[in-house]
Amino acid sequence: MAPFDQVSAREVVSCPCGATLRFRSVVSALTERLLGDGSLLLNRMPPQKQFIGFGMSDAAVYGNLLEQTFSYTNTYYHKEPHLDITDPPAALLGKHDFIISSDVMEHVARPVDNAFRHLAELLKPGGVLVLTVPFATEGSTIEHFPELFEYKIVGEGADQQLINRTRDGREQCFDNLVFHGDDGATLEMRLFSRDDLIRLLQGAGFSDVRIHSRPIPSIGVIQIEPFSLPITAIKRR
């Protein structure tokens with residue numbers, strides 16, 4: 001068993017399998033809303049291939065187990081199987097029992113409400129969205145680049161800048177960029193607020209929005225912070 005400060009840290013690997021608190025929490029939230037039990041372990045479950053779902057650049061440590069358990073596909077923005085949540089294929093709409101979007105929506109270019117609407121459109125009525133994003137518990141969502149239109153990232157490392165041309169032709173320059181993971185591929189576009197996230201989900205066609213804060217020590221889900229918790233929502237029937 002890893003020390004408590006590791007098990008309860010969102011992004012620290014705290015399991016021999018390579019899982020973090022966020023990864024365990026995502027799976028727990030999914031099984032709670034899809035199967036009614038958030039303490040289930042994927043590696044001990046029989047296949048449930050009747051459930052169709054996909055992830056958005058899910059970590060292999062749990063994506064591989066999801067693929068074994070459900071009719072699940074892990075999708076990517078930069079490689080196959082490709083999915084652009086701002087323009088999903090019409091053939092996929094209304095086909096899924098669940099979607100996992102873990103720390104993705106903060107990187108989607110504005111207007112982000114379109115992407116939330118597409119998440120709902122991809123689900124069957126009654127389908128489950130499992131969402132994680134960094135969020136604050138107070139205030140409003142902060143858009144780092146509120147007039148983003150045509151942009152490019154220039155420079156390297158700490159000297160990277162975002163050059164934007166606004167819709168009315170003005171040029172803007174932003175530095176002190178925040179990347180998650182690999183520089184250049186995962187630029188943080190915004191910091192959500194909790195209340196704005198709930199409004200976005202409800203406006204996109206979701207109901208029964210839940211923030212998962214309940215501790216489940218038996219599977220290493222111990223949330224001690226009130227921010228950036230897993231959220232689930234059900235597509236309205």
Side-chain angles (χ1 to χ4, degrees), residues 22 26-27 29-30 33-34 51-59 62-63 66-67 70-135 140-151 164 167 180-181 185-212 228-237:
R22 173 162 62 93
V26 162
V27 173
L30 173 65
R33 299 309 300 272
L34 192 66
F51 294 111
I52 301 169
F54 71 87
M56 300 167 66
S57 298
D58 281 335
Y62 66 91
L66 289 170
E67 187 173 354
F70 304 112
S71 296
Y72 161 90
T73 302
N74 201 4
T75 66
Y76 304 90
Y77 182 74
H78 63 293
K79 64 180 182 179
E80 295 296 333
H82 170 75
L83 177 70
D84 180 356
I85 196 59
T86 68
D87 187 24
L92 296 181
L93 301 183
K95 302 294 186 182
H96 302 90
D97 297 291
F98 68 90
I99 296 172
I100 298 173
S101 177
S102 184
D103 284 22
V104 172
M105 301 302 280
E106 69 269 30
H107 305 299
V108 175
R110 61 186 305 274
V112 73
D113 52 331
N114 288 341
F116 278 90
R117 188 181 72 251
H118 292 318
L119 286 171
E121 291 171 346
L122 287 159
L123 286 165
K124 300 175 183 177
V128 178
L129 171 66
V130 180
L131 173 72
T132 70
V133 293
F135 68 78
S140 300
T141 295
I142 299 171
E143 289 284 347
H144 300 322
F145 319 107
E147 297 181 283
L148 198 67
F149 181 57
E150 292 181 351
Y151 71 95
N164 178 52
R167 190 174 294 275
H180 300 171
T186 52
L187 175 65
E188 182 183 281
M189 297 286 185
R190 64 190 58 82
L191 176 62
F192 288 102
S193 75
R194 179 187 58 201
D195 292 347
D196 281 345
L197 272 173
I198 294 172
R199 282 191 287 268
L200 277 168
L201 289 165
Q202 293 172 337
F206 290 98
S207 61
D208 194 7
V209 179
R210 298 185 190 177
I211 298 176
H212 293 254
S228 305
L229 296 168
I231 297 174
T232 57
I234 306 299
K235 180 179 178 178
R236 293 194 190 100
R237 296 184 181 277

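Only this structure's heavy atoms are used, side chains among them; waters, hydrogens and symmetry mates stay out. This structure is a prediction, so every number in the text was calculated from the model and none was measured.
The 12-atom threshold is not exceeded at OH of Y77, counting heavy atoms of other residues, nucleotides or ligands nearer than 6.0 Å.
With sequence neighbours excluded, no residue forms a side-chain hydrogen bond (donor to acceptor under 3.5 Å, both in side chains) with R194. Remark: N74 pairs with D58, Y72, Y76 by the side chain to side chain contact (heavy atoms under 4.5 Å, CB included) rule, at least two apart or across chains.
Contact check for D196 versus R190: no side-chain heavy atoms found under the 4.5 Å cut-off. Taking the side chain as every heavy atom from C-beta outward, I85 and L119 approach each other to under 4.5 Å. Residues L30 and Y62 fail the side-chain proximity criterion, which asks for heavy atoms closer than 4.5 Å. Between S102 and V130, the closest side-chain pair of non-hydrogen atoms is not below 4.5 Å. Side-chain contact between M105 and L200 is absent, with no heavy atoms from C-beta onward closer than 4.5 Å. F54 has its side chain within reach of L122: a pair of non-hydrogen atoms, C-beta onward, lies under 4.5 Å apart. Contact annotation: the side chain of F116 approaches that of L197 to within less than 4.5 Å [non-hydrogen atoms, C-beta and beyond]. By the 4.5 Å heavy-atom criterion applied to side chains, T232 and H212 are counted as neighbours.
Interatomic distance, CG of L123 versus CG of L129, reported as 6.5 Å (0.5 Å rounding). Distance CG/D113 to CZ/R199: 13.0 Å, rounded to 0.5 Å. Put simply, CZ on R117 and OG1 on T86 are 10.5 Å apart, with the number rounded to the nearest 0.5 Å. Note that the NE2 atom of H118 and the CG atom of D84 stand 8.5 Å from one another [nearest 0.5 Å].
A pairwise comparison of heavy atoms in L191 and H144 identifies N-NE2, 4.1 Å as the closest pair. Contact record, T73 with P81: CG2-CG, 3.9 Å, taken as the closest heavy-atom pair. Shortest non-hydrogen contact noted between P88 and L93 is CG-CD2, 4.3 Å. A pairwise comparison of heavy atoms in S228 and P134 identifies OG-CA, 3.2 Å as the closest pair. Looking at every heavy atom in both residues, T132 comes nearest to P230 through CG2-CA, 4.0 Å. For the pair R33 and V128, the tightest heavy-atom approach, listed with the atom from each and the gap, is CB-CG1, 3.7 Å.
Under a 3.5 Å cut-off, the side chain of E80 and the backbone N or O of H82 do form a donor-acceptor pair. A distance-only check finds a donor-acceptor pair linking the side chain of D97 to the backbone of I52 [under 3.5 Å]. Side-chain N or O atoms of E106 include one that pairs as donor or acceptor with a backbone N or O of V104 at under 3.5 Å. Between the side chain of K235 and the main chain of K124, no donor-acceptor pair closer than 3.5 Å is present. Between the side chain of D208 and the main chain of I234, no donor-acceptor pair closer than 3.5 Å is present. Counting only distance, with no hydrogens or angles, the side chain of R236 and the backbone of F206 share a donor-acceptor pair below 3.5 Å. Listed for the D195 side chain is no donor-acceptor partner under 3.5 Å among the backbone atoms of S140. In this structure a side-chain-to-backbone donor-acceptor pair under 3.5 Å is present from T141 to S193.
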For this session: Apply side-chain contact (heavy atoms from CB on, under 4.5 Å) to the pair N164 and F145, showing each step before the final yes or no.
Result: CA-CA 9 Å; N164 178 52; F145 319 107; 6.0 Å; no
